[in-house]
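Here the structure comes first, spelled out in structure tokens, and everything after it is commentary.
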Amino acid sequence: AGFQFSIGTIFENTNSAWRTGLIFGYTSTGGRVGYSDYSGVVRGDQLLNLVSFGIVGGIERTFNDTKWTVGFDIPLTYDLTNFTLKNELVIDGYPPEIQQYEFKSEAISVQPRIDVFRNFSNNISVGLSAGYHLSILNPDLVWKEDGQSTLTLQDSDEPLKAQWNGFRAG
């Protein structure tokens, strides 16, 4: 499960179907595994978040006989991923042992989408959007402490990448 939001501003020319704008987004997800018994607790957390910002270009069509607008946009974004691995061991009677590692990745993505809006006035509308987030430049996750060590799976030399590709709707 995760959390996502985005906000943007669109600049429109009333004499043209073309529109441009700026977009900002935030996405967060994670996972936890843990075990507990009479002697203590072992817990492992994986926390990821994505901050993206960029430019939007697109077209729209407002139907004259209704207050509905349909649009197609292609945002181009710079994506900054932060990935935290946190391991915790708590044994009764001993101080907790906590290990935490921070990784980052910077990527470029396109996010083509279709919008359907109901216009209530010239400045206020509510709508739905559906699209696909596609990373076109997606480098490895790099350890923040030294800026060059990468994260790999056991028995693999292939560095891990943050993978945010997928369908989005909202």
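Counting from 1, the numbers follow the sequence of the chain as shown.
Shown here for N138 and A162, the closest heavy-atom pair between the two residues is ND2-O, 2.9 Å. Counting all heavy atoms, side chain and backbone alike, G58 lies closest to D73 at CA-OD1, 3.5 Å. In this structure, F117 and S125 approach most closely via the heavy-atom pair CD2-OG, 3.8 Å.
Results of the side-chain hydrogen bond (donor to acceptor under 3.5 Å, both in side chains) test with H133 over N165, T77, D79 single out D79 as the only residue that passes.
In the hydrophobic clustering of this structure, V110 groups with I108; members are Ile, Leu, Val, Met, Phe, Trp, Tyr whose side-chain heavy atoms approach within less than 4.5 Å, directly or through other members. Cluster annotation: L89 and Y94 are assigned to the same hydrophobic cluster (Ile/Leu/Val/Met/Phe/Trp/Tyr, side-chain heavy-atom contacts under 4.5 Å, transitive). Linking Ile, Leu, Val, Met, Phe, Trp and Tyr whenever their side-chain heavy atoms come within less than 4.5 Å leaves V33 and V90 in two separate clusters. Both L22 and V51 belong to a common hydrophobic cluster when Ile, Leu, Val, Met, Phe, Trp and Tyr are linked at side-chain heavy-atom distances under 4.5 angstrom.
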R118 vs V126, side-chain contact (heavy atoms from CB on, under 4.5 Å): CA-CA, chis, key distance, verdict:
CA-CA 5 Å; R118 168 70 163 86; V126 175; 5.5 Å; no
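The number of heavy atoms from other shown groups lying within 6.0 Å of CG (D157) does not exceed 12. The environment of K144 atom NZ is dense: over 12 non-hydrogen atoms of other residues, nucleotides or ligands sit within 6.0 angstrom. Counted within 6.0 Å of CZ on F120, heavy atoms from surrounding residues, nucleotides or ligands total more than 12; the atom is thus considered enclosed. Within a 6.0 Å sphere centred on CG of L137, other residues, nucleotides and ligands contribute more than 12 heavy atoms.
The line from CD of Q111 to CD1 of I74 is 11.5 Å long, rounded to the nearest 0.5 Å. To the nearest 0.5 Å, atom OG1 of residue T84 and atom CD of residue E102 are 3.5 Å apart.
A donor atom on one side chain and an acceptor atom on the other are not found under 3.5 Å apart for E97 and Q99. With 3.5 Å as the limit, one finds no donor-acceptor pair spanning the side chains of T69 and E60.
With respect to D115 and R113, a salt bridge is recorded, a charged nitrogen being found less than 4.0 Å from a carboxylate O. Salt bridge status for D140 with K104: absent, with no side-chain N to carboxylate O gap under 4.0 Å.
Think of L85 as one node in a network of Ile, Leu, Val, Met, Phe, Trp and Tyr side chains linked at under 4.5 Å; its network also takes in L48, L50, F83, Y101, F103, L141, W143, L151, L153, L160, W164.
Listed for the D45 side chain is no donor-acceptor partner under 3.5 Å among the backbone atoms of K86.
Counting heavy atoms from C-beta outward, V142 and S105 have side chains that stay 4.5 Å or more apart. By the 4.5 Å heavy-atom criterion applied to side chains, S52 and F24 are not counted as neighbours. Between I98 and E88 there is a side-chain heavy-atom pair separated by less than 4.5 Å. Using a 4.5 Å heavy-atom threshold, the side chains of E158 and T152 count as separate. Looking at V116 and W68, their side chains come closer than 4.5 Å, going by heavy atoms from C-beta outward.
Every residue two or more places apart in sequence or in another chain was checked for a ring-ring contact (aromatic ring centres under 6.0 Å, His included) with Y132, and none qualifies.
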